[in-house]
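One structure is given below, encoded as structure tokens.
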Amino acid sequence: MYECRYYKKLDDARVECQLCPHHCHIADGKVGLCRSRRNRGGMLVSEAYGNPCSLAIDPIEKKPLYHFHPGTTCLSIASTGCNFRCLNCQNHDISQVSPSHVGHYNLPPSSVVQLCLEHHCPGIAYTYTEPLTYIEYVTDTAQLAREAGLWNILVTAGYVCQPPLKDLLPYLDAANIDLKSFSDDIYMKVSGAHLQPVLDTILAMRDAGVWIELTNLVIPGVNDDMQMIRQMCRWMVSNGLADSPLHFSRFFPRYKMHHIPPTPLPTLKAAKQVAEEEGIKHVYLGNV
């Protein structure tokens, strides 16, 4: 077990996790909302540290990153855990469970870097689940990867407090942030979280010089309002992100949203047109 870096001790052996805006108050023996950070006798530990449940070599375009070293590969790695509760999660079998419920590899940070080098991948992608919930593992691995001349890529929903993020930012080269909608109500309804911290993460990455691409999964009847999409694109342009690629991704029935049909292609094309009208220079359609 690895002691977490971002928490404070409370009375009665309870702790407050200070990693993300949920600020979970966790009793002894219990876990936070992410299911991977546990209170053990008044000490918060990460049960995901060094225990990835998924490894793969992916084309970088799968992240998706289209303007960051296209045509290359990356070592994709994930541990269990997520601080969202997305009703449409396509990786719920590893994101919505605790580390003890799935098989895993024993890979400390140095072993991840060595594995990446052995397979001649130029970079590591922290992906599939929510890597910010095991940020200590990501940061330690990313630091060693940087020293070895490897890229570090984060695929994330961006729900994190600023102090932990600032510790990771110096080692990040690129990120794809899942901007699920431009409505706080929809964020709460679909994912159980708030919009503003995600926007704060995007701007912090921008200021740190991280290459940013955004993904917006368009769900019929949920976040496919073109006026809201227009507001999102205007926010991007007004915050200096007109050159950041925007990926509109097609929804397919998943997890607790099997009752919703796939996104019609005309809806995605309409979203692309709106984005281009508002000044987004690179707009792509995914899952089509």
- Item | Set of residues satisfying ring pair (Phe, Tyr, Trp, His ring centres under 6.0 Å) with respect to His69, sequence neighbours excluded |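 Testing His69 for ring pair (Phe, Tyr, Trp, His ring centres under 6.0 Å), a comparison that skips the adjacent residues, returns Trp151.
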Side-chain contact, heavy-atom cut-off 4.5 Å: [X] with [Y]?
X: Ser191; Y: Cys86; result: yes
X: Arg230; Y: Glu277; result: yes
X: Val160; Y: Asp200; result: no
X: Cys82; Y: Tyr128; result: no
X: Ser36; Y: Ser98; result: no
X: His101; Y: Thr80; result: no
X: Val190; Y: Lys180; result: no
X: Leu107; Y: Leu55; result: yes

Smallest separation among heavy atoms of [X] and [Y], with atom names:
X: Gly42; Y: Asp28; result: N-OD1, 4.2 Å
X: Ile280; Y: Ser244; result: CG2-O, 4.1 Å
X: Ser79; Y: Thr129; result: O-OG1, 2.6 Å
X: Pro264; Y: Pro220; result: CD-CG, 4.1 Å
X: Met228; Y: Asp225; result: N-OD2, 2.8 Å
X: Ala48; Y: Tyr134; result: CB-CB, 3.9 Å

Report yes or no: do [X] and [Y] belong to one cluster of Ile/Leu/Val/Met/Phe/Trp/Tyr joined by side chain heavy-atom distances under 4.5 Å?
X: Leu241; Y: Val155; answer: no
X: Leu150; Y: Leu168; answer: yes
X: Ile177; Y: Val237; answer: yes
X: Leu33; Y: Tyr6; answer: no
X: Val198; Y: Leu154; answer: yes

- Message: Testing Leu115, Val138, Val112 one by one against Ile124 for a side-chain contact (heavy atoms from CB on, under 4.5 Å), which residue passes?
- Response: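 Only match with Ile124 under side-chain contact (heavy atoms from CB on, under 4.5 Å): Val112.
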Inter-residue atom distance [X].[atom1] - [Y].[atom2], 0.5 Å rounding:
X: His119; Y: Gln114; atom1: NE2; atom2: CD; result: 10.0 Å
X: Asn39; Y: His25; atom1: CG; atom2: NE2; result: 12.0 Å
X: Thr73; Y: Glu61; atom1: OG1; atom2: CD; result: 10.0 Å
X: Phe251; Y: Asp224; atom1: CZ; atom2: CG; result: 11.0 Å
X: Asn223; Y: Leu217; atom1: CG; atom2: CG; result: 6.5 Å
X: Leu203; Y: Met205; atom1: CG; atom2: CE; result: 11.0 Å

With a 3.5 Å distance limit and no angle check, can you tell me whether [X] reaches the backbone of [Y] through a side-chain donor-acceptor pair?
X: Asn152; Y: Tyr171; result: yes
X: Arg35; Y: Gln96; result: yes
X: Thr263; Y: Val218; result: yes
X: Ser183; Y: Asp185; result: yes
X: Asn287; Y: Ser249; result: no
X: Arg146; Y: Gln143; result: no
X: Asp167; Y: Thr139; result: no

- Can a donor-acceptor pair be found between the side chains of Thr215 and Lys63 at a distance below 3.5 Å?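 Checked: Thr215/Lys63 side chains show no N/O donor-acceptor pair below 3.5 Å.
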- Distance-only polar pair, side chains of Glu213 and His247, donor-acceptor under 3.5 Å: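 Indeed, the side chains of Glu213 and His247 share at least one donor-acceptor pair under 3.5 Å.
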- Should the ring pair Tyr255 and His92 be called parallel, tilted or perpendicular, given that the plane angle runs from 0 to 90° and is split at 30 and 60?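 Judged by the thresholds at 30° and 60°, the geometry between Tyr255 and His92 is parallel.
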- Item | Gln90 atom CD: more than 12 heavy-atom contacts under 6.0 Å |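 No, the 6.0 Å shell around CD holds no more than 12 heavy atoms from other groups.
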- Are the aromatic ring centres of His194 and Tyr187 under 6.0 angstrom apart?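 No.
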- Item | For Glu136, salt bridge (Lys or Arg N to Asp or Glu O under 4.0 Å) partners two or more places apart |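 Here the qualifying residues are Arg37.
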